[in-house]
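Chain A is the first sequence line, chain B the second, and so forth, proteins listed ahead of strands; every chain is numbered from 1.
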Protein chains: 2
Amino acid sequence: MNTKNIRIKDIAQLAGVSVGTVDRVLHNRGRVSEDALKKVLSVLDQIDYKPNLIARTLGANKTYRIAALVPNPDQDPYWASSKSGISQAEAEWLRYGVTVQPFFFNLYDKNTFTEVARRVTDSEPDGILVAPIFYHETLPFFEEFRERGIPYVLFNTNIHEGQPLSFIGQDLYQSGRLGAELMHLSQNGQAGILAVLHVNEDLGNSVHLAEKEKGFREYFDDKNPNAFEIRTLNLTSPNNPAFEKELLELIGNNKVRGLFISTSKATAIIAAFLEKHRRTDLKLIGYDMLEENIFYMKKGVIDFLINQNPKRQAFLGINHLVGQLILHKNPPANELLPLEIISRENLASYLSSGIH
Amino acid sequence: MNTKNIRIKDIAQLAGVSVGTVDRVLHNRGRVSEDALKKVLSVLDQIDYKPNLIARTLGANKTYRIAALVPNPDQDPYWASSKSGISQAEAEWLRYGVTVQPFFFNLYDKNTFTEVARRVTDSEPDGILVAPIFYHETLPFFEEFRERGIPYVLFNTNIHEGQPLSFIGQDLYQSGRLGAELMHLSQNGQAGILAVLHVNEDLGNSVHLAEKEKGFREYFDDKNPNAFEIRTLNLTSPNNPAFEKELLELIGNNKVRGLFISTSKATAIIAAFLEKHRRTDLKLIGYDMLEENIFYMKKGVIDFLINQNPKRQAFLGINHLVGQLILHKNPPANELLPLEIISRENLASYLSSGIH
DNA sequence: AGCTATGATGTGTGCGCACACAATTTTACT
DNA sequence: AGTAAAATTGTGTGCGCACACATCATAGCT
């Protein structure tokens with residue numbers, strides 16, 4: 001029934017030494033005679049010893065501290081969602097002695113990132129989860145993490161030179177293409193102008209949004225090179241008067257048929273704007289099931305949402321770190337989550353199902 | 001060290017009894033005075049006791065046998081997918097001493113179900129996962145399971161009178177509505193005839209497909225009562241000459257614009273048929289990411305697939321049983337999975353991501 | 001030789017739980 | 001009241017590992 005697993009005790013017996021000696025060999029903490037070492041190694045060589053992880057964690061009773069280096073959840077509901085995934089993972093692992101300490105940086109201020117990342121390093125955690133939204137600022141820290149031997153996992157934004165234990169996110173280029181497909185489908189075969197909107201983003205330092213736009217554009221290049229004109233609008237913060245002006249100018253053009261919004265928060269902002277100006281005829285495709293976005297989808301302002309699953313991304317990130325720390329299990333180097341399409345008719349089914 | 005987890009020992013101390021008594025209460029194996037019971041329960045009521053799974057499985061060294069009563073995977077790739085979810089769950093729990101024994105019945109023969117279900121009961125498993133696709137035949141077995149105190153979980157098809165530990169599936173009415181929404185969207189604003197196709201199904205004994213159809217029809221009733229005519233075709237097996245004849249008659253009508261297929265296997269069959277007759281202009285919406293369906297989607301024959309996630313359904317079913325057996329954790333009575341939309345542009349993202 | 005550093009090796013304990021069994025109290029009955 | 005039986009309650013043990021500590025052997029020194 002149960003394949004009798006080889007225990008340390010068995011190895012000791014086979015080698016003719018005590019469990020203590022085997023233990024010292026296994027963890028190579030020295031203090032073993034050459035003679036004994038040889039005997040134990042030869043046994044280990046012949047059999048495939050797999051330590052019982054259950055027993056190991058029970059006995060160890062060690063606590064692991066994981067640091068989560070993420071944007072301030074109060075600044076953006078997307079990151080609030082992310083945060084809740086972290087909390088959920090922590091709750092799940094708490095009884096195994098895992099704690100997660102969040103370190104928040106300002107989403108709009110690179111300097112706070114550097115400062116907070118410094119604090120993370122100083123806190124000497126056993127593992128780190130990072131949302132590396134500032135490309136240049138993160139690189140030196142990754143190097144430091146590696147030097148210190150602290151495993152780190154990235155999510156949301158990938159940094160290929162980062163060499164993390166694992167990355168969790170989505171294929172952003174394909175995400176843009178998907179947005180384009182949905183937009184195309186919503187156009188009822190008519191041609192016109194489509195706009196890609198970025199709100200309050202420093203496109204220079206955040207490559208990921210450019211990827212989405214590229215996907216969006218290339219879809220139409222592939223399908224229908226001439227029927228649609230794609231415009232990009234790089235909007236400032238909605239507080240800025242230029243924001244409303246530029247937007248009004250855009251939707252004033254009666255050839256404009258649809259808007260593709262590159263982030264979740266911006267989706268809500270644009271939805272509110274369109275409703276205010278009674279332009280729900282324009283097709284609106286954006287990101288994520290934020291409360292506001294759900295509201296506007298139900299109202300018919302938003303046509304499709306692409307779910308980036310921020311909660312799940314963070315959840316999996318913590319899980320992978322815990323798996324590495326406790327079970328010594330290597331997570332996949334790249335975990336790309338499915339690009340989920342949310343429409344009016346399947347919205348409820350997503351809302352009612354949890355994170356699993 | 002910071003978060004002191006509550007142990008049985010702690011509960012005993014708080015209640016003023018011994019750990020043995022607490023243990024008896026937790027596993028309600030009686031032999032506890034009313035007085036002691038009350039004390040322990042009141043403590044348990046106040047604190048949230050989460051047993052240490054690690055310690056439990058280490059000590060118990062017990063094995064659990066779960067029986068899976070499911071259709072023969074060789075008869076239908078949908079059920080093969082289901083089976084793979086079962087295997088995956090088993091692999092995950094094997095080291096905790098859980099084994100899953102599959103019992104296959106013939107998808108098209110009620111009698112084999114009864115016979116195999118008999119064998120399941122006789123094998124006296126610790127838990128049972130059932131795909132109850134034959135309504136009338138299953139009911140007496142559920143009663144027997146309950147009498148014997150064996151927990152059982154349903155998936156794919158719900159039987160409300162079944163009183164299972166848990167049901168895992170989807171909202172089929174909403175699934176039909178979603179199919180309708182996608183179909184509507186694909187019609188580019190033009191009117192016409194849309195058909196709902198069932199292939200080789202005994203609709204009398206399988207309520208679930210009628211639910212999908214109802215959803216499909218009601219969507220159009222809500223949206224656009226007059227623009228579309230919805231027809232239903234209840235086809236026999238493709239081997240039957242009537243199959244091709246009826247289908248040819250349908251697509252011969254030049255007002256027919258799209259087909260909605262109620263099952264995954266039928267989706268592949270109809271896709272093959274449409275390709276053969278070069279009618280890929282018709283919009284085709286069906287179910288699930290079977291290999292063939294993926295093939296026809298990439299070719300442009302199938303426009304959308306609604307993912308019922310058979311693998312995940314079975315996976316979760318086993319998980320819930322294990323959770324109940326090992327953790328004594330009650331799963332949700334109804335777990336309705338999201339209705340996932342698969343299109344050409346997000347197909348790859350679903351294929352590359354595993355079951356999680 | 002007697003003694004101590006020093007290295008090598010073996011033994012013991014706890015982690016939290018489940019379960020067997022021993023100890024104790026209560027009940028039933030003569 | 002005395003005793004046996006039954007009901008209740010408490011204690012002990014093992015699961016496999018890691019680590020602390022005790023024991024043992026040997027060499028080096030006075």
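When the side-chain nitrogen and oxygen atoms of B:Ser33 are compared with OP1 and OP2 of D:dA7, none of them lie within a distance under 4.0 Å. Contact between the side-chain N/O atoms of B:Arg56 and the OP1/OP2 oxygens of C:dG16 is not found at any separation under 4.0 Å. For the pair A:Thr21 and C:dG10, the criterion of a side-chain N or O lying under 4.0 Å from OP1 or OP2 is met. For A:Tyr49 and D:dG16, the shortest distance from a side-chain N or O to OP1 or OP2 is not below 4.0 Å.
When the C1' atoms of four end pairs are superposed on the next four at each end of the helix from C:dA1-D:dT30 to C:dT30-D:dA1, using five pairs per end, the two resulting axes differ in direction by 70°, to 10°.
Remark: B:Lys83 pairs with B:Ser87 by the side-chain hydrogen bond (donor to acceptor under 3.5 Å, both in side chains) rule, at least two apart or across chains. In this structure, the ring pair (Phe, Tyr, Trp, His ring centres under 6.0 Å) partners of B:Phe142, at least two apart in sequence or on a different chain, are B:Tyr152. Residues forming a side-chain hydrogen bond (donor to acceptor under 3.5 Å, both in side chains) with B:Asp126 (at least two apart in sequence, or on another chain): none. Taking the side-chain hydrogen bond (donor to acceptor under 3.5 Å, both in side chains) definition, one finds that A:Gln313 meets it with nothing, sequence neighbours left out. Evaluation of the ring pair (Phe, Tyr, Trp, His ring centres under 6.0 Å) rule for B:His27 yields B:His328 as partners, not counting sequence neighbours.
Nucleotides of DNA chain C nearest to A:Gly20 and A:Glu34 differ in position, and the one nearer the 5' end is that of A:Glu34.
With rounding to whole Å, A:Arg24 atom CZ is found 7 Å from C:dA8 atom C1'. Rounded to a whole Å, the CZ atom of A:Arg29 is 11 Å from the C1' atom of D:dA20. Put simply, CG on B:Leu26 is 12 Å from C1' on C:dG16, counting in whole angstrom units. For A:Lys39 and C:dA8, the NZ to P distance is 14 Å, given to the nearest whole Å. Atom CZ in B:Arg31 sits roughly 15 Å away from atom C1' in C:dT26 (whole-Å rounding). Atom pair A:Asp23:CG and C:dA8:C1' shows a separation of 14 Å (rounding to whole Å applied). Taking atom CG of residue A:Leu58 and atom C1' of nucleotide C:dA18, one finds them 13 Å apart after rounding to whole Å. Rounded to a whole Å, the NE2 atom of B:His27 is 18 Å from the P atom of D:dT9.
Among pairs with a residue in residues 10-29 of chain A, those fulfilling salt bridge (Lys or Arg N to Asp or Glu O under 4.0 Å) read A:Arg7-A:Asp10, A:Asp23-A:Arg29, at least two apart in sequence or across chains.
Side-chain proximity of A:Arg7 to the nucleotides D:dG16, C:dG16, D:dT9 is greatest for D:dG16.
Between the B:Gln170 side chain and the B:Pro338 main chain, a donor and an acceptor come within less than 3.5 Å of each other. Side-chain N or O atoms of A:Arg146 include none that pairs as donor or acceptor with a backbone N or O of A:Gln163 at under 3.5 Å.
Taking every heavy atom of residues 8-18 of chain A and every atom of DNA chain C, pairs under 4.0 Å involve A:Val17, A:Ser18, by number.
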Going by atom type alone, with no hydrogens or angles, which donor-acceptor pairs under 3.5 Å involve a side-chain atom of residues 115-122 of chain B and a protein atom two or more places apart or on another chain?
{"residue": "B:Arg118", "atom": "NH2", "partner": "B:Glu144", "partner atom": "OE1", "Å": "3.3"}
{"residue": "B:Arg118", "atom": "NH2", "partner": "B:Glu144", "partner atom": "OE2", "Å": "2.8"}
{"residue": "B:Thr121", "atom": "OG1", "partner": "B:Ala117", "partner atom": "O", "Å": "2.7"}

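Using a 4.5 Å cut-off on side-chain heavy atoms (C-beta onward), B:Asn334 and B:Asn158 make contact.
When heavy atoms are screened at a 4.0 angstrom cut-off, B:Val32 is found touching the sugar-phosphate backbone but no base atom.
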